[in-house]
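Here the structure comes first, spelled out in C-alpha cells, and everything after it is commentary.
This structure is a prediction, so every number in the text was calculated from the model and none was measured. Heavy atoms only: backbone and side chains are in, while hydrogens, waters and symmetry mates are out. Numbering of ligands and ligand atoms starts at 1, following listing order.
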Amino acid sequence: MSVLVTGGAGYIGSHMTLALADQGDKVVVLDNLTTGVRAQVAEAATFVQGDIRDTKLVREVLEKHQVEAVIHFAGSIVVPESVENPLFYYANNTAASRDLIEACVASGVKKFIFSSTAAVYGATDQPSIAEDGIKAPESPYGRSKLMTEWMLADTAMAHDFRYVALRYFNVAGADPKGRSGQSTPRATHLIKRACQVALGRVPYLGIFGTDYPTPDGTGIRDYIHVSDLIGAHALALGHLRNGADSSVFNCGYGHGFSVREVVKAVERVAGKALAVKEMPRRAGDPPMIVSNPAKLKAALGWKPEHDALDEIVAGALAWESRLNST
Ligand code: UD1
C-alpha cells in the first residue's frame with residue numbers, strides 16, 4: 001500500500017513527501033513539473049512525471065502502487081493570476097480535481113486529503129474565522145477550490161469515499177532540517193519576496209495596498225510554518241485511517257501579521273533595512289484573513305510547534321540564500 005502525493009515536487013507537497021517517508025509510508029509523487037522542482041522530491045519516493053488530468057496514467061499509478069490514500073496538492077495558487085485567467089484556474093484546479101476524484105472512485109481509493117484555502121472565505125471583519133464562516137471567495141482561485149470541496153462532499157455522500165479538506169492560511173518557512181523550502185520560480189508570496197529583497201536579488205518589495213481598514217493600512221494574514229501545516233496533514237491521514245468521517249479544517253495559528261509587520265520581522269532576522277515601495281492594492285486580495293484553529297486542535301489534537309514569525313522568516317531566508325534564482 002502507498003500514499004499518492006500529487007504536486008509532490010512543489011513547495012508544500014515536497015515537505016509532505018519527506019514527512020511521509022520519515023514516518024515509514026511508501027510514497028508515490030505525481031507532478032507535471034510546470035512549477036514543481038524534480039530535485040525537491042524526497043529520494044525515498046517513487047516519482048512519476050505526469051498530469052492529474054491524464055486519467056489513464058492516474059489509474060495506472062493508483063493500481064500499480066496499490067494507493068490507499070491520495071494527498072492532493074497539485075494546482076495553481078496565485079490569486080491575481082486567477083483574476084486574469086479564470087478559465088485556466090477552473091481547468092487546472094476544479095476540472096483536474098474532478099478527474100482525479102473520479103479516478104480515485106473508479107480505482108477504489110477511499111481516502112483523500114485536499115489542499116484547500118482560506119481564500120474560500122473572502123473578506124471578513126471578524127478577528128478570526130471558523131470553518132462554518134460565510135464562504136464568499138473574492139477570486140476565481142478561491143472559487144476553484146471551494147467548488148472542489150463541494151465535489152468532494154457530494155462524492156463522499158454517493159460513494160465509499162472519505163476526505164479531509166484543509167483550508168490553508170498563509171504557508172511560509174522551510175523544513176527545519178534544511179531539506180526543502182519554497183523553490184518555485186517567480187513565486188509571489190510575501191515572505192519569499194521579502195527574503196529575496198534582503199538578499200539583494202530583487203531591488204525592492206512592493207507593498208500592495210496601504211489603505212486597507214487595518215491598523216497600519218496593510219493586509220493582515222495568518223502565516224503558518226510549513227512544518228506545522230504538514231503536521232496537520234499527518235493527523236488528517238491518521239484520522240481517515242482510523243475510520244473517521246469526512247471533515248474540513250482551518251490550518252492557521254489564530255493570529256495575524258500585517259505586511260509592514262512582516263517587513264519588520266525580515267529586517268530583524270536579516271539585520272538590514274528593506275527597500276519597500278508602496279503600491280496599489282492587488283486584485284482579489286482581502287484586507288484580513290485569520291484562522292480560528294479550534295476545530296483542528298480539538299478534533300485532531302494538532303499542536304503547533306513553530307508558531308513564531310521570526311522562526312518562519314529565518315527558515316525562509318536560510319532556504320532562499322541557498323537558491324540561485326528568483
Ligand atoms: C496566499 C496563497 C494562497 C492561499 C492564501 C490563503 C500564495 C501565492 N497564495 O495568498 O494560495 O490560499 O494565501 O489565504 O501563496 N503582498 C505584498 N507584496 C508582495 C506580496 C504580497 O504586499 O510582494 C501582500 C499581499 O497583498 C497580501 C499579503 O502580502 O496582503 C500576503 O500575500 P501572499 O503571500 O501573496 O499570499 P496571499 O495572496 O494572501
Side-chain angles (χ1 to χ4, degrees), residues 7 10-13 35 73-83 89 92-93 114-124 128-129 133 135-146 148-149 165-173 181-198 201-224 226 229 250-253 256-266 274-291 309 312-313 316 320 326:
Y11 170 44
I12 305 172
T35 54
F73 296 95
S76 300
I77 60 158
V78 182
V79 171
E81 183 183 66
S82 80
V83 175
Y89 273 68
N92 202 43
N93 289 355
F114 174 56
S115 302
S116 188
T117 171
V120 301
Y121 298 116
T124 168
S128 69
I129 192 150
K135 314 300 174 297
E138 302 232 320
S139 65
Y141 166 68
R143 281 186 278 277
S144 75
K145 291 281 188 174
L146 185 56
T148 304
E149 287 195 19
L166 296 173
R167 294 186 184 140
Y168 306 169
F169 284 67
N170 286 62
V171 189
Q182 169 57 275
S183 306
T184 314
R186 298 174 300 283
T188 56
H189 307 70
L190 175 64
I191 290 181
K192 184 173 172 80
R193 297 296 293 170
C195 289
Q196 290 172 339
V197 176
R201 294 191 183 141
V202 173
Y204 63 87
L205 180 78
I207 297 184
F208 300 146
T210 53
D211 59 348
Y212 283 110
T214 58
D216 69 16
T218 65
I220 293 179
R221 298 289 185 275
D222 185 341
Y223 294 92
I224 174 174
V226 64
L229 180 78
N250 281 347
C251 294
Y253 291 137
F257 294 98
S258 71
V259 175
R260 290 194 205 279
E261 286 171 326
V262 169
V263 170
K264 284 204 188 87
V266 176
L274 292 196
V276 299
K277 204 181 218 177
E278 297 187 359
M279 299 176 76
R281 294 182 182 194
R282 196 172 64 172
D285 275 353
M288 179 176 92
I289 180 99
V290 173
S291 171
L309 184 59
I312 293 174
V313 167
E320 198 63 38
T326 58

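Between Y11, Y141, Y204, it is Y141 that holds the heavy atom closest to atom 3 (C) of ligand 1. Between the choices F208, Y212, F169, the shortest heavy-atom distance to atom 22 (O) of ligand 1 belongs to F208. For atom 34 (O) of ligand 1, the candidate residues are T117, N170, L190, V120; the nearest heavy-atom contact is made by L190. Around atom 32 (O) of ligand 1, the closest heavy atom drawn from R221, R282, H189, R167 belongs to R282.
Counting heavy atoms closer than 4.0 Å to ligand 1, residue I77 contributes atoms from both its backbone and its side chain. Neither the backbone nor the side chain of V171 comes within contact range of ligand 1; no heavy atom lies under 4.0 Å.
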Would you check, one step at a time, whether the test side chain to side chain contact (heavy atoms under 4.5 Å, CB included) holds for I129 with F169? CA-CA 11 Å; I129 192 150; F169 284 67; 4.0 Å; yes
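Screening V171, V263, V262 against I191 for a side chain to side chain contact (heavy atoms under 4.5 Å, CB included) leaves a single residue, V262.
Contact check for V259 versus E278: no side-chain heavy atoms found under the 4.5 Å cut-off. Proximity of E149 to K135: side-chain heavy atoms (C-beta onward) are nowhere separated by under 4.5 Å. For the pair Y223 and L190, the minimum side-chain heavy-atom distance is below 4.5 Å. At a threshold of 4.5 Å between non-hydrogen side-chain atoms, the residues T210 and R260 count as touching. Within the 4.5 Å cutoff, the side chain of P286 has no heavy atoms near those of the T124 side chain. For the pair S116/L166, no side-chain contact is recorded, criterion being any heavy-atom separation below 4.5 Å from C-beta on.
Atoms of ligand 1 lying under 4.0 Å from any heavy atom of Y168, numbered from 1 in the order shown and given with element: 6 (C). Annotation for ligand 1: atoms under 4.0 Å from non-hydrogen atoms of L205 are 23 (O). Atoms of ligand 1 lying under 4.0 Å from at least one heavy atom of I207, given by number and element, are 22 (O).
Going from atom OG of S258 over to atom OH of Y212 covers 12.5 Å, rounded to the nearest 0.5 Å.
Residue, atom and distance of the protein heavy atom nearest to atom 28 (C) of ligand 1 are Y223 OH, 3.7 Å. Atom 25 (C) of ligand 1 has as its closest protein heavy atom D285 OD2, 3.4 Å. What sits closest to atom 24 (C) of ligand 1 on the protein, heavy atoms only, is V259 CG2, 3.7 Å. The protein atom (non-hydrogen) at minimum distance from atom 8 (C) of ligand 1 is T188 OG1, 3.4 Å.
Using a 4.0 angstrom heavy-atom cutoff, F257 does not count as in contact with ligand 1.
For the residue pair E81 and Y141, no side-chain donor N or O sits within less than 3.5 Å of a side-chain acceptor on the partner.
An N or O contact shorter than 3.5 Å links G206 to ligand 1 by distance.
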